[in-house]
Amino acid sequence: MVTDRPDWTSEPDLASRRNGGGVVWANDELFAERENLIKPGRAEFQPWSFGHKGQVYDGWETRRRREDGADQAVVRLGLPGTITGVVVDTAFFTGNFPPYASVEAVAVDGYPSPAELADLEWDTVVPRSPLRGDSENFFETVFTKRYTHARLTIYPDGGVARFRVHGRPVADPSLLDLGSLDLAALENGARVVSCSNMFYSSPSNLIAPGFAAVMGEGWETARRRDDGNDWVSVELAGEGVPRLAELDTTHFKGNAPGWASLSGSVDGHEWFELLPKTRLQPDTRHRFPLPDAQATSHVRLDVYPDGGMARLRLFGGLTDRGRATLEQRYRA
């Protein structure tokens, strides 16, 4: 799929409600609720849909300020991690979008209240920058620290439809059982590094938290018209020994792959078989023991010939090297 969006927007949205994010505070939300900021889908608009407070917007909108200051919303990242870029989407806000915005971030342990968050020292990841109305405004960042919360400030007021925080999840090792975990889970630090095709949806959906609620929350390729097959490669949370694979075709009924296989590799070299080419059923959660698997840091899922997969899970334990990798990523 050809797109002019920045490459970093293909990375997971750490703030998305689908990934467990939440808007924990906003100083004002008179016209439209703050929770809309992190809804997974694109903003929608219905003309002449008026409520008691005016036009109903699918976004966050504050009242017109009559004094100095700015409006803010604080988002708890569902997937704490490093931030590579943010999107401030002002879709459908034309005469009422904020002319400027900035973004800050902070890392904190536990579950702080909004008041406790306000007392912390925040890093500025996007300085005060101009915005365009009814547009996706892209801002690349250069920070490599792990963050747990992001704060959007708009100057002086107005409406923002969506707030996306793209980056790589970084797990806290103290909250994981390193001897038994999903090595391929996004929330544990795994990531998609390449794939053959992502025509209908992102391959990162494969390793997202939870079950797919609809077909669009999985990974689906275009229909192949040649003799090849589609595939996706995942860098695991750390090197580990997988014991059980889960290939979930839930919601894919007339478009599930006919077969699939899994290969492993250490550092992307010399691929070896984890699961031979195996027949799949549509709309089914398949589980396959891997009794003879060896240590691997990457896994490649091949689907034959094409189609859609809801989730890929790879349960096992980290090696000593894998544990060191995960812990080093957290401390960076």
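Keep in mind it's a predicted model, so treat the numbers as computed, not measured.
- Other residues, nucleotides and ligands place more than 12 heavy atoms under 6.0 Å from the NZ atom of Lys277.
- Residues Tyr304 and Leu312 do not share a hydrophobic cluster, defined by chaining ILVMFWY side chains whose heavy atoms lie under 4.5 Å apart.
- Closest of all the heavy-atom pairs between Pro257 and Gly308 is CD-O, 3.1 Å.
- Without hydrogens or angle criteria, Thr90 side chain to Val160 main chain gives no donor-acceptor distance under 3.5 Å.
- A salt bridge links Asp71 and Arg65; the closest N-O separation between the charged side-chain nitrogens and carboxylate oxygens is under 4.0 Å.
- Classification of Arg224 and Asp230 as a salt-bridged pair holds, one side-chain N sitting under 4.0 Å from a carboxylate O.
- Both Leu314 and Phe288 are part of a single hydrophobic cluster, where members link through side-chain heavy atoms under 4.5 Å apart.
- Look at Arg311 and Asp182 and you find no salt bridge, because none of the NZ, NE, NH1 or NH2 atoms lies under 4.0 Å from a carboxylate O.
- Residues Asn205 and Gly216 come closest through the heavy atom pair ND2-O, 3.6 Å.
- In this structure, the side chain of Trp219 engages the main chain of Asn197 through a donor-acceptor pair within 3.5 Å.
- More than 12 heavy-atom neighbours from other residues, nucleotides or ligands sit within 6.0 angstrom of CD on Glu67.
- In this structure, Thr62 contributes its side chain and Gly158 its backbone to a donor-acceptor pair below 3.5 Å.
- Here the side chain of Ser102 pairs no donor or acceptor atom with the backbone of Val126 at under 3.5 angstrom.
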side-chain contact (heavy atoms from CB on, under 4.5 Å) evaluation trace for Gln72 with Trp25: CA-CA 8 Å; Gln72 293 184 321; Trp25 176 86; 3.8 Å; yes
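- Residues satisfying the ring pair (Phe, Tyr, Trp, His ring centres under 6.0 Å) criterion with Phe163, sequence neighbours excluded, are absent altogether.
- In this structure, CG in Leu301 is found 7.5 Å from OG in Ser261, a value given to the nearest 0.5 Å.
- Distance alone, capped at 3.5 Å, places no donor-acceptor pair between the His166 side chain and the Arg164 backbone.
- Among residues at least two apart or in separate chains, there is no ring pair (Phe, Tyr, Trp, His ring centres under 6.0 Å) pair with a member in residues 107-135.
- Closest non-hydrogen pair, Lys253 versus Pro282, comes out as O-CB, 3.3 Å.
- In the hydrophobic clustering of ILVMFWY residues, with side-chain heavy atoms under 4.5 Å counting as a link, Phe93 and Val87 come out apart.
- Here the shortest heavy-atom pairing between Ala91 and Ala43 reads CB-CB, 4.2 Å.
- The side-chain heavy atoms of His286 and Thr278, taken from C-beta on, include no pair separated by under 4.5 Å.
- In this structure, the side chains of Leu247 and Leu275 come closer than 4.5 Å at one or more pairs of heavy atoms.
- Residue Leu186 holds its CG atom at 10.5 Å from CG of Leu206, rounded to the nearest 0.5 Å.
- The 12-atom threshold is not exceeded at CG of Asp7, counting heavy atoms of other residues, nucleotides or ligands nearer than 6.0 Å.
- One hydrophobic cluster holds both Val103 and Val142 under the rule that ILVMFWY side chains link at heavy-atom gaps under 4.5 Å.
- A distance of 8.5 Å separates CE of Met215 from OG of Ser201, quoted to the nearest 0.5 Å.
- In this structure the side chain of Phe97 never reaches within 4.5 angstrom of the side chain of Arg132, judged on heavy atoms.
- More than 12 heavy-atom neighbours from other residues, nucleotides or ligands sit within 6.0 angstrom of CG on Asp177.
- The nearest pair of heavy atoms linking Leu244 to Pro289 is CD1-N, 3.7 Å.
- When atom types are taken as modelled, the side chain of Ser16 and the backbone of Leu14 share no donor-acceptor pair closer than 3.5 angstrom.
- Residue pairs satisfying the ring pair (Phe, Tyr, Trp, His ring centres under 6.0 Å) criterion with at least one member in residues 237-282, sequence neighbours excluded, are absent.
- Distance alone, capped at 3.5 Å, is enough to place a donor-acceptor pair between the Asn137 side chain and the Val88 backbone.
- Within the structure, salt bridge (Lys or Arg N to Asp or Glu O under 4.0 Å) contacts touching residues 188-206 (residues at least two apart or in different chains) are Arg191-Glu235.
- Side-chain atoms of Val234 and Leu183, non-hydrogen and from C-beta on, never get closer than 4.5 Å to each other.
- Judged purely by atom type and a 3.5 angstrom limit, Thr249 uses its side chain to pair as donor or acceptor with the backbone of Thr284.
- Checked options Ser233, Ser204, Pro12; the residue passing with Val192 is Ser204 (criterion: side-chain contact (heavy atoms from CB on, under 4.5 Å)).
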Thr82/Val170 under side-chain contact (heavy atoms from CB on, under 4.5 Å): CA gap, chis, key distance, verdict: CA-CA 7 Å; Thr82 58; Val170 176; 4.2 Å; yes
Taking it one step at a time, do Trp231 and Ser194 satisfy side-chain contact (heavy atoms from CB on, under 4.5 Å)? CA-CA 9 Å; Trp231 54 269; Ser194 59; 3.3 Å; yes
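- Listed by first then second residue, pairs satisfying ring pair (Phe, Tyr, Trp, His ring centres under 6.0 Å) with a partner in residues 134-156 number zero, not counting sequence neighbours.
- Counting heavy atoms from C-beta outward, Arg146 and Asp172 have side chains that approach closer than 4.5 Å.
- Between the CZ atom in Arg128 and the OG1 atom in Thr153 there is a gap of 10.5 Å [rounded to 0.5 Å].
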With a cut-off of 3.5 Å and sequence neighbours excluded, list every side-chain donor-acceptor pair involving residues 17-24.
unit_1, atom_1, unit_2, atom_2, d
Arg17, NH1, Gly21, O, 3.3
Arg18, NE, Glu217, OE2, 3.4
Asn19, ND2, Asp13, O, 2.9

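- Once rounded to the nearest 0.5 Å, the distance linking CG of Asn188 with CG of Leu176 reads 5.0 Å.
- Inter-residue side-chain proximity for Leu318 and Leu181 is flagged as met; some heavy-atom pair is nearer than 4.5 Å.
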Would you check, one step at a time, whether the test side-chain contact (heavy atoms from CB on, under 4.5 Å) holds for Phe92 with Asp58? CA-CA 9 Å; Phe92 304 112; Asp58 182 13; over 6 Å; no
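- Between Pro242 and Gly240, the shortest heavy-atom contact is CD-O, 3.5 Å.
- In Asp320, the CG atom is not crowded: 12 or fewer heavy atoms of neighbouring residues, nucleotides or ligands sit closer than 6.0 Å.
- Panel note: side chain Thr124, backbone Pro127; no donor-acceptor pair is recorded below 3.5 Å.
- One finds a salt bridge joining Glu246 and Arg285 here, because a Lys/Arg side-chain nitrogen approaches an Asp/Glu carboxylate oxygen to under 4.0 Å.
- Summarising the local packing, CD of Gln328 is surrounded by 12 or fewer heavy atoms from other residues, nucleotides or ligands at distances under 6.0 Å.
- Taking the charged nitrogens against the carboxylate oxygens, Glu136 and Arg5 do have a contact shorter than 4.0 Å, which makes a salt bridge.
- Between the NZ atom in Lys39 and the CZ atom in Arg162 there is a gap of 5.0 Å [rounded to 0.5 Å].
- Contact check for Thr141 versus Trp8: no side-chain heavy atoms found under the 4.5 Å cut-off.
- Within the 4.5 Å cutoff, the side chain of Val165 has heavy atoms near those of the Leu77 side chain.
- A donor-acceptor pair is defined here as one N or O able to donate and one able to accept, closer than 3.5 Å; such a pair exists between the side chain of Glu29 and the backbone of Arg34.
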